[in-house]
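Heads up: the structure comes next, in structure tokens.
All values below come from the heavy atoms of this structure, side chains included, with hydrogens, waters and symmetry mates left out. If you're wondering where the values come from, they're calculated on a predicted model, not measured in any experiment.
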Amino acid sequence: IEKMRFQVTVLIIDVFDQNGNKMSGDHYRNLQSPLKHTLNTKIGSRTWKIHNREAINMLCECQYDESYESGFFRINKLKWNIKLYPNGRESTQFEIGDVLLQIQLEELIKPMIGISFMYRFNIKECNTWFSNIAHFRDSNDNWNGLRDGW
């Protein structure tokens with residue numbers, strides 16, 4: 001394999017304000033752009049490209065529980081990161097050799113305190129895709145201030 005491309009598409013399902021109320025689509029779009037009427041601001045996509053032989057070799061020789069990150073990017077004005085465990089992660093659900101690909105939400109924008117979204121990963125070189133729905137909310141007990149789930 002000479003290159004790897006991990007494409008993630010995010011679709012915002014629901015956004016919640018500081019009172020726990022579901023924000024209307026217009027309210028959420030106004031937070032993102034004054035050009036809301038020209039954009040579909042509920043969906044966005046990004047591709048993480050690994051395109052040199054040395055980097056591919058590093059992935060192939062990766063140890064169990066070792067990870068690599070795409071670096072931060074923005075979709076829907078929110079800050080995201082892709083995290084890859086090429087040889088598995090320490091967990092009861094995964095074994096050595098299981099590839100784990102995650103999307104991480106790094107921060108919410110005010111007045112948002114919670115978000116539900118669908119994401120889809122597409123790995124072009126092996127014609128593989130998977131999707132899931134995730135929920136994040138503000139929390140003071142996690143390393144980045146967000147907690148997975150409700």
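- Taking the six-membered ring where the residue is Trp, Tyr119 and Phe121 present perpendicular rings, their angle passing 60° and hence far from 30°.
- A distance-only check finds a donor-acceptor pair linking the side chain of Asn52 to the backbone of Glu54 [under 3.5 Å].
- A heavy-atom distance below 4.5 Å is found between the side chains of Ile133 and His135.
- The two residues Ser45 and Gln7 come nearest to each other via the heavy atoms OG-NE2, 3.2 Å.
- In this structure, the side chain of Ser70 engages the main chain of Ile82 through a donor-acceptor pair within 3.5 Å.
- Contact detail for Leu108 and Leu78: the closest heavy-atom pair is CA-CD2, 4.3 Å.
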TODO: Check the pair Leu59, Leu84 against side chain to side chain contact (heavy atoms under 4.5 Å, CB included), reporting the backbone distance first and the verdict last.
DONE: CA-CA 9 Å; Leu59 293 178; Leu84 172 65; 3.9 Å; yes

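- Taking the ring centre of Phe16 as origin, the terminal cationic atom of Lys22 falls outside the region bounded by 6.0 Å and 45° from the ring axis.
- Counting only heavy atoms from C-beta outward, the side chains of Val8 and Phe73 approach each other to under 4.5 Å.
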- [ ] Could you give me the CA-CA distance, side-chain angles and deciding distance for Ile123 and Leu101, then say whether side chain to side chain contact (heavy atoms under 4.5 Å, CB included) is met?
- [x] CA-CA 10 Å; Ile123 307 167; Leu101 192 59; 4.2 Å; yes

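- The nearest pair of heavy atoms linking Asn81 to Glu69 is ND2-OE1, 2.7 Å.
- Not one N or O on the side chain of Asp17 forms a donor-acceptor pair closer than 3.5 Å with the backbone of Pro111.
- Note that CG of Leu11 and OG of Ser131 are 10.5 Å apart. Values are rounded to the nearest 0.5 Å.
- Side-chain heavy atoms closer than 4.5 Å link hydrophobic residues (I, L, V, M, F, W, Y) into clusters, and following such links, possibly through other members, connects Met58 to Trp48.
- When side chains are defined from C-beta on, Phe6 does not count as touching Thr47, because their heavy atoms never get closer than 4.5 Å.
- Residue Asp65 holds its CG atom at 10.5 Å from CD of Gln63, rounded to the nearest 0.5 Å.
- Taking a cutoff of 4.0 Å between a charged side-chain nitrogen and a carboxylate oxygen, Glu107 and Arg74 qualify as a salt bridge.
- Heavy-atom minimum distance, Lys83 versus Ser67: CE-OG, 3.2 Å.
- Residue-environment remark: CG (Asn127) stays at or below the threshold of 12 foreign heavy atoms within 6.0 Å.
- At least one side-chain heavy atom of Tyr68 sits under 4.5 Å from a side-chain heavy atom of Cys62.
- Residues Phe117 and Ile13 share a closest heavy-atom pair of C-CD1, 3.8 Å.
- Minimum heavy-atom separation, Arg89 to Leu100: CD-CD2, 3.7 Å.
- No cation-pi contact links Arg46 to Trp80, judged by a cut-off of 6.0 Å to the six-membered ring centre and 45° from its axis.
- The pair Arg5-Glu125 meets the salt-bridge criterion, since a charged nitrogen lies less than 4.0 angstrom from a carboxylate oxygen.
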Task: Criterion side chain to side chain contact (heavy atoms under 4.5 Å, CB included) on Ile56 and Met4, from CA distance to verdict - done: CA-CA 8 Å; Ile56 297 295; Met4 294 290 294; 3.5 Å; yes

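- Ile113 contributes atom CD1, which lies 8.0 Å from atom CG of Asn19 (distance to the nearest 0.5 angstrom).
- Taken from CG in Leu105 to CD1 in Ile75, the straight-line distance is 10.5 Å, to the nearest 0.5 Å.
- One distance of note links NZ of Lys3 with NE2 of His51; it measures 9.5 Å at 0.5 Å rounding.
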